[in-house]
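Not measured: the values here are computed from a predicted model. Basis for what follows: all heavy atoms, side chains included, without hydrogens, waters or symmetry-related copies. For ligands, and for the atoms within them, numbers begin at 1 and follow the listed sequence.
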Amino acid sequence: MQTVNDAEEQLKFDQRIIDEQKIEPTDWMPDDYRKNLIRQMSQHAHSEVIGMQPEGNWITRAPTLRRKAVLLSKVQDEGGHGLYLYSATESLGITRSKLIELLQTGVAKYASIFNYPTLTWADMGAIGWLVDGAAIVNQISLQRTSYGPYARAMIRICKEESFHQRQGYEIMTVLAKGSVEQKEMAQDAMNRNWWPSLMMFGPHDSDSAHSGKSMKWKIKRQSNDYLRQKFIDQTVPQIEALGLEMPDPELKWNEDRGHYDSGEINWEEFYQVINGSGPCNYQRLKHHKKAHKDGEWVRTAVRAYQEKQTAKNQTNVA
Ligand code: FAQ
């Protein structure tokens with residue numbers, strides 16, 4: 001039941017959202033706002049961490065030392081993004097171990113794109129270019145999200161994603177201008193990653209369960225379809241510059257709309273993947289569970305160190 005105090009706090013909260021002021025961890029916030037943020041931010045963190053796996057598979061097989069160093073650094077960056085986002089989510093009053101439990105039991109989702117396999121080196125180009133490219137379009141918008149710690153994490157993350165996008169495009173450029181086999185490999189990787197990249201923006205606005213509230217609270221600043229269109233419009237000229245065939249025959253400039261038209265996403269596939277039945281869902285979670293278990297000794301050591309430091313500080317105070 002809402003008390004008089006809650007009603008007053010609600011009014012103040014609503015006004016702060018209207019005034020574009022950030023909501024900070026110690027501020028009063030409606031329960032649904034908190035829950036919705038925990039849901040979206042934790043799924044974002046999980047996506048960054050699970051997203052290390054498809055590219056991590058290629059670190060040992062990168063074609064040159066330079067490519068290996070760049071890929072290693074990119075994959076580490078994604079892990080770092082996950083850590084900022086977990087910390088920002090914890091500021092809402094939920095523990096990291098609970099968030100991991102929700103991921104590992106299949107309650108919390110992560111971006112569907114990471115449930116597809118990376119079959120050739122060209123996937124490293126296509127992921128950097130298309131997946132990081134799609135992530136940036138979404139995350140630039142989230143830099144203005146209403147929750148302070150999330151908005152600030154996004155500013156730093158976007159800078160790094162921008163480098164990731166460029167290194168992916170550079171891999172694609174080299175392959176597309178290389179031998180016939182290399183060009184075919186680039187085309188195939190783009191074709192396979194195109195539709196899953198469009199799926200990253202979520203269902204159509206009319207089918208998006210959370211958009212109404214998230215837009216009202218300015219957690220989301222632009223809709224799923226708006227951002228997807230923006231990504232398509234900026235990416236088609238890049239495909240032309242690479243000299244590759246369009247991955248969707250319906251991609252055509254529409255003079256009246258001032259945007260590219262495109263074919264329809266296979267939504268049946270999207271729902272299958274987000275509900276756990278994509279090509280690599282089982283493998284991704286299995287690997288996460290093993291890595292988490294293998295890292296238990298690190299968490300135990302950190303806890304022991306923290307306890308020792310606390311005891312030492314208490315002795316010093318006494
Ligand atoms: N995959 O009502 P909506 C990256 C779920 S970071 C899986 O529209 P919302 C960096 C959605 O969670 C990529 N699930 O939901 C990188 C909800 O399910 P729920 C991650 C999806 O939240 C690059 C249900 O469908 N980025 O790539 C997907 O308003 C390379 C209904 O959907 C973010 O997370 C999907 N594609 O809008 C790392 C950005 N789409 O929770 C490594 C932040 C929808 O009720 C390598 N997130 N669902 O069980 C967002 O902007 C939003 O959460 C959306 C979805 C736009 C993803």
Problem set entry | L227 contact mode with ligand 1 (heavy-atom cut-off under 4.0 Å) | neither
Exercise. Is K109 touching ligand 1 with its side chain, its backbone, both, or neither, if touching means heavy atoms under 4.0 Å apart?
Worked result: side chain
Exercise. How does Y110 reach ligand 1, by side chain, by backbone, by both or by neither, if only non-hydrogen atoms under 4.0 Å count?
Worked result: backbone
Exercise. So which bit of E161 gets within less than 4.0 Å of ligand 1, heavy atoms only: side chain, backbone, both or neither?
Worked result: side chain
Exercise. Which atoms of ligand 1 have any heavy atom of S208 under 4.0 Å away?
Worked result: 2 (O), 3 (P), 8 (O)
For this session: Indicate whether the side chain of D205 and that of S211 have a donor and an acceptor atom separated by less than 3.5 Å.
Result: no
Exercise. Any side-chain heavy atom of M52 sitting closer than 4.5 Å to one from H287?
Worked result: no
Seminar exercise, completed: Numbered in order shown, the ligand 1 atoms found under 4.0 Å of a heavy atom of F201 are 56 (C)
Seminar exercise, completed: When distances are taken from atom 22 (O) of ligand 1, the protein heavy atom at minimum range is R39 NH2, 2.9 Å
For this session: Identify, by atom number and element, the atoms of ligand 1 in contact range of D132, meaning under 4.0 Å from any of its heavy atoms.
Result: 23 (C), 30 (C)
Exercise. When you look for heavy atoms under 4.0 Å from ligand 1, do you find them on the side chain of H164, its backbone, both, or neither?
Worked result: neither
Exercise. Closest non-hydrogen protein atom to atom 35 (C) of ligand 1, residue and atom name please, with distance?
Worked result: S112 OG, 3.6 Å
Exercise. Would you call A111 a ligand 1 contact, heavy-atom distance under 4.0 Å?
Worked result: yes
For this session: Kindly say whether H259 contributes a backbone atom to a donor-acceptor pair with the side chain of N254 at under 3.5 angstrom?
Result: no
Exercise. So which bit of Q40 gets within less than 4.0 Å of ligand 1, heavy atoms only: side chain, backbone, both or neither?
Worked result: side chain
Problem set entry | ligand 1-proximal atoms of L142, by part, heavy-atom distance under 4.0 Å | side chain
Exercise. When the ring planes of Y150 and H44 are compared, do they come out parallel, tilted or perpendicular, using 30° and 60° as the limits?
Worked result: perpendicular
Seminar exercise, completed: Quick note on ligand 1: atoms under 4.0 Å from a heavy atom of Q43 include exactly 12 (O), 41 (O)
For this session: For K74 and ligand 1, answer yes if some heavy atom of the residue is under 4.0 Å from a ligand atom, otherwise no.
Result: yes
Problem set entry | Y150 to ligand 1, any heavy atom closer than 4.0 Å | yes
Exercise. Closest non-hydrogen protein atom to atom 6 (S) of ligand 1, residue and atom name please, with distance?
Worked result: E48 OE2, 3.7 Å
Exercise. Without hydrogens or angle criteria, can the side chains of D233 and Q229 be said to hold a donor-acceptor pair below 3.5 Å?
Worked result: yes
